[in-house]
Amino acid sequence: MQREARNTQGPSSAQRLIRAALLGLSGGLLLGGLFLAGTGLVTRLKPADCLELSEEECTFMRDTAREMGRVQLLSGAALLALGLATTVLVLRPKSPSSTERPG
């Protein structure tokens with residue numbers, strides 16, 4: 001029984017370029033998600049400016065700001081999850097090839 005030699009060379013330059021691009025993409029997703037979630041939090045918690053508005057208009061502005069903050073928070077959380085998943089997929093260790101069979 002003869003064992004096949006494993007490829008001991010590192011990843012090729014194309015693989016390194018793809019990995020770097022995916023890490024950059026996941027970093028952008030993480031930063032964008034953090035920014036959007038932070039903006040949503042500020043939008044949701046900051047009181048609406050109702051100085052020159054009627055009571056009905058002020059209520060509408062508050063409801064709109066609350067809903068917009070909710071959407072921003074959810075979108076930011078989704079971007080963070082997507083960026084984290086991409087990072088995990090790029091940085092995970094490579095599993096042994098399924099073509100190698102013991103014995």
Side-chain angles (χ1 to χ4, degrees):
M1 287 185 244
Q2 200 176 30
R3 290 192 173 180
E4 295 179 17
R6 289 187 181 174
N7 186 3
T8 58
Q9 296 176 354
S12 69
S13 62
Q15 289 174 337
R16 285 184 289 182
L17 181 64
I18 290 172
R19 187 173 181 166
L22 286 174
L23 280 174
L25 174 68
S26 62
L29 287 171
L30 289 171
L31 286 176
L34 280 174
F35 176 75
L36 193 56
T39 303
L41 192 62
V42 168
T43 301
R44 194 166 172 110
L45 296 178
K46 186 178 79 172
D49 184 22
C50 297
L51 291 178
E52 298 178 4
L53 301 175
S54 69
E55 184 66 32
E56 186 176 305
E57 291 172 333
C58 185
T59 303
F60 178 72
M61 286 292 290
R62 286 183 183 148
D63 290 344
T64 304
R66 187 173 55 242
E67 288 300 312
M68 185 58 109
R70 183 183 66 84
V71 169
Q72 287 174 332
L73 273 169
L74 288 174
S75 300
L79 280 176
L80 283 169
L82 187 60
L84 186 61
T86 306
T87 303
V88 167
L89 284 176
V90 170
L91 295 180
R92 71 181 173 153
K94 301 294 181 197
S95 61
S97 177
S98 60
T99 59
E100 291 182 25
R101 293 187 183 152

Do Thr86 and Ser26 have a side chain donor and acceptor closer than 3.5 Å? no

Please report the interatomic distance [atom1]([X]) to [atom2]([Y]), rounded to the nearest 0.5 Å.
X	Y	atom1	atom2	result
Leu17	Leu22	CG	CG	9.5 Å
Leu34	Leu29	CG	CG	11.0 Å
Leu25	Ile18	CG	CD1	13.0 Å
Arg70	Ser75	CZ	OG	9.5 Å

Assigning hydrophobic clusters by single linkage (Ile, Leu, Val, Met, Phe, Trp, Tyr; side-chain heavy-atom cutoff under 4.5 Å), is Leu84 placed with Leu89? no

I'd like to know if Val90 and Leu82 are part of one continuous hydrophobic network [Ile/Leu/Val/Met/Phe/Trp/Tyr, side-chain heavy atoms within less than 4.5 Å]. yes

Any residue meeting salt bridge (charged side-chain N to carboxylate O under 4.0 Å, His left out) with Arg66, in chain and number order, not counting sequence neighbours: Asp63

Is Leu91 close to Leu23 at the side-chain level, that is, under 4.5 Å between some pair of heavy atoms? yes

Report yes if some heavy atom in the side chain of Gln72 is under 4.5 Å from a heavy atom in the side chain of Leu41; otherwise report no. no

Does anything in residues 33-50 pair up under salt bridge (Lys or Arg N to Asp or Glu O under 4.0 Å), and if so which pairs, sequence neighbours excluded? none

